[in-house]
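First the structure, in the form of structure tokens, and then the observations on it.
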Amino acid sequence: RSVLGPVGLLAVLFASHAAGTEPVRVACVGDSITVGLAPGQNYPTWLGRWLGTNYYVRNFGVSSTTMLHRGDYPYIARPAYTNALDFKADIVIIDFGANDSKHPGDGSLDSDHAVNNWQHKADFIGDYQEMIAAFRQANPAAKIFICYPTPDFPGSWGINDKTIRDEMIPMIRTVAEETGAGVIDLRSALAGKADLFPDTVHPNNEGSGLM
């Protein structure tokens, strides 16, 4: 499966729009990485700015949420999920994983006090596939892109970069192969750029621009 970097994604999005048609609806779905560190400092804002008026980009991110239905704060239970489905997006970009990776133990700052979301990792692929199916039901013509999570340096609140790298990304790759979703590699785009992550987890505005 082809894995897109952010520039490759922009090329795909531009190619999807025909002149004279209604604006293409783009839904950005995810956790606090999608929300951003401050208003207007997030990748959906950058994406909307670059794509221009022929695209309608909306940020449906919710901080602290998980893809896992049995996580401590599942996205599917938030009003933003219903709103995102009702938006009937033409293009959906899904970026989860940081909060799903939380567990006590190695590799994260403050891990001794972390919730254990990753104990439900056997559900991750199925829960991800269910979300993709829901967006396709809302708009059967929707193009779906799923993301390799951004890196953590090393991660806080139990967010575990090693778990994301070694366990979660192979699962996301499986989801893409089984659903036909496109893959955006945010991890490689921000690898080695710890200076853009002031709290070791969330990219600053410059990092959001790279996303």
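Summarising the geometry of Phe145 relative to Ile184, their closest heavy-atom pair is CB-CD1, 3.6 Å, with the distance given to 0.1 Å. The nearest pair of heavy atoms linking Ser156 to Asp199 is OG-O, 3.3 Å. Counting all heavy atoms, side chain and backbone alike, Tyr43 lies closest to Thr34 at CE2-OG1, 3.8 Å. The two atoms that bring Ala98 and Ser101 nearest to each other are O-OG, 2.7 Å, heavy atoms only. Ala27 approaches Ala89 most closely through the heavy-atom pair CB-CB, 3.6 Å. Nearest approach of Val183 to Ala176, heavy atoms of both residues: CG2-CB, 3.3 Å.
Remark: Asp95 pairs with no residue by the side chain to side chain donor-acceptor pair (under 3.5 Å) rule, at least two apart or across chains. Applying the ring pair (Phe, Tyr, Trp, His ring centres under 6.0 Å) rule to Tyr148 yields no partners; only residues at least two apart in sequence or on another chain are considered. With sequence neighbours excluded, no residue forms a salt bridge (Lys or Arg N to Asp or Glu O under 4.0 Å) with Asp112. In this structure, the salt bridge (Lys or Arg N to Asp or Glu O under 4.0 Å) partners of Arg25, at least two apart in sequence or on a different chain, are Asp90. Qualifying side chain to side chain donor-acceptor pair (under 3.5 Å) partners for Gln119, counting only residues two or more places apart in sequence or in other chains: none. With sequence neighbours left out, the salt bridge (Lys or Arg N to Asp or Glu O under 4.0 Å) criterion links Lys193 to no other residue. Shown here are the side chain to side chain donor-acceptor pair (under 3.5 Å) partners of Asn117, two or more places apart in sequence or in another chain: Asp72. In this structure Asp123 satisfies the salt bridge (Lys or Arg N to Asp or Glu O under 4.0 Å) test together with Arg70, sequence neighbours excluded. Evaluation of the side chain to side chain donor-acceptor pair (under 3.5 Å) rule for Arg187 yields Asp161 as partners, not counting sequence neighbours.
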If you look only at distance, which donor and acceptor atoms sit under 3.5 Å apart when one is on a side chain in residues 62-69 and the other is two or more places apart or in another chain?
from	atom 1	to	atom 2	distance (Å)
Thr65	OG1	Val62	O	2.7
Thr66	OG1	Leu68	O	2.8
His69	ND1	Asp127	OD1	3.4

Using atom types as modelled, flag every donor-acceptor pair under 3.5 Å from a side chain in residues 73-86 to any protein atom, sequence neighbours excluded.
from	atom 1	to	atom 2	distance (Å)
Tyr75	OH	Phe60	O	2.7
Arg78	NH1	Pro74	O	3.0
Asn83	ND2	Pro79	O	3.4

Cut-off 3.5 Å, no hydrogens considered: what does the side-chain donor-acceptor table look like for residues 204-211, sequence neighbours left out?
from	atom 1	to	atom 2	distance (Å)
Asn204	OD1	Glu206	N	3.1
Asn204	OD1	Gly207	N	2.9
Asn205	OD1	Trp46	NE1	3.1
Ser208	OG	Asn204	O	3.1

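Here the side chains of Ile91 and Val24 are in contact, with some heavy-atom distance below 4.5 Å. Side-chain atoms of Asn116 and Lys102, non-hydrogen and from C-beta on, never get closer than 4.5 Å to each other. Val29 places a side-chain heavy atom less than 4.5 Å from the side chain of Phe135. Under the 4.5 Å side-chain criterion, counting only non-hydrogen atoms from C-beta, Ile93 is in contact with Leu47. Pro154 has its side chain within reach of Thr200: a pair of non-hydrogen atoms, C-beta onward, lies under 4.5 Å apart.
Once rounded to the nearest 0.5 Å, the distance linking CG of Asp31 with CG of Asp100 reads 8.0 Å. With values rounded to the nearest 0.5 angstrom, Thr179 atom OG1 is found 13.5 Å from Glu130 atom CD. Note that CD1 of Ile172 is 12.5 Å distant from CD of Glu177, once rounded to the nearest 0.5 Å. Atom CG of Asp166 and atom OG1 of Thr163 lie 7.5 Å apart (nearest 0.5 Å). The line from NZ of Lys121 to NE2 of His103 is 8.5 Å long, rounded to the nearest 0.5 Å. Taken to the nearest 0.5 Å, the CG atom of Asn160 stands 12.5 Å off from the CG atom of Asn99.
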Please lay out, stage by stage, how Phe96 and Tyr128 fare under the test ring pair (Phe, Tyr, Trp, His ring centres under 6.0 Å). CA-CA 9 Å; Phe96 287 100; Tyr128 218 129; 7.1 Å; no
Could you walk me through whether Thr174 and Glu178 satisfy the side-chain contact (heavy atoms from CB on, under 4.5 Å) test, starting with their C-alpha distance in whole Å, then the side-chain angles of each, then the deciding distance to 0.1 Å, before giving a yes or no? CA-CA 6 Å; Thr174 296; Glu178 294 184 356; 3.5 Å; yes
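The cluster map of Ile, Leu, Val, Met, Phe, Trp and Tyr, joined by side-chain heavy atoms under 4.5 Å apart, puts Met171 and Ile144 in the same cluster. Neither Phe124 nor Val115 shares a network with the other; the hydrophobic side chains, linked directly or stepwise wherever heavy atoms of I, L, V, M, F, W or Y lie under 4.5 Å apart, form separate groups for each. Two different hydrophobic clusters hold Leu196 and Val35 under the rule that ILVMFWY side chains link at heavy-atom gaps under 4.5 Å. One hydrophobic cluster, built from ILVMFWY side chains closer than 4.5 Å, holds both Ile125 and Met168.
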